[in-house]
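Numbers here simply count residues along the sequence, with the first being 1.
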Amino acid sequence: MTMGDDMDASGPRVRDDMTVEVALSIMAGARVEYLLLCDGDDQCTGSVTRAELVAHRGSSTYTDRIRLRDVLDGPFRTRSAVLASM
């Protein structure tokens, strides 16, 4: 199974060059707990949760210029991993 096969195509989709602040704003507006991350070809590559972003925003090294790709540790998480952590 590929990473794209495991992703639900519904829900907000964003690119990893988006800032954390904008991503959190989108989550609040869409009333969702995660965003699907897409590559330049609009293929889902993973996801990021609100809890992950809030944790990074609370860091002493955080600035409003930090992008999603700057805070993601290791490989992207699959949607099933996100749902399992909720």
Worksheet item: What heavy-atom pair brings Val32 and Arg50 nearest, and what distance separates the two atoms?
Response: O-NH2, 2.6 Å
Worksheet item: Do the non-hydrogen side-chain atoms of Pro12 and Met27 ever get within less than 4.5 Å of each other?
Response: no
Worksheet entry | Interatomic spacing from CE in Met18 to CG in Leu35 - rounded to 0.5 Å | 7.5 Å
Item to complete: May I ask you to decide if Asp41's main-chain N or O and Asp39's side chain share a donor-acceptor pair within less than 3.5 Å?
Response: yes
Worksheet item: What heavy-atom pair brings Arg15 and Leu68 nearest, and what distance separates the two atoms?
Response: O-CD1, 3.8 Å
Worksheet, complete the sentence: Tightest non-hydrogen contact, residues Ser47 and Glu52, listed as O-OE1, 4.4 Å
Worksheet item: Distance from His56 atom NE2 to Asp70 atom CG, nearest 0.5 Å?
Response: 10.0 Å
Fill in: Within-4.5 Å side-chain heavy-atom neighbours: Glu21 and Arg57
yes
Fill in: Point-to-point distance, once rounded to the nearest 0.5 Å, from CD1 of Ile66 to CG of Leu53
11.5 Å
Worksheet item: Any idea which heavy atoms bring Arg67 and Thr19 closest together, and the distance?
Response: NH1-CG2, 3.6 Å
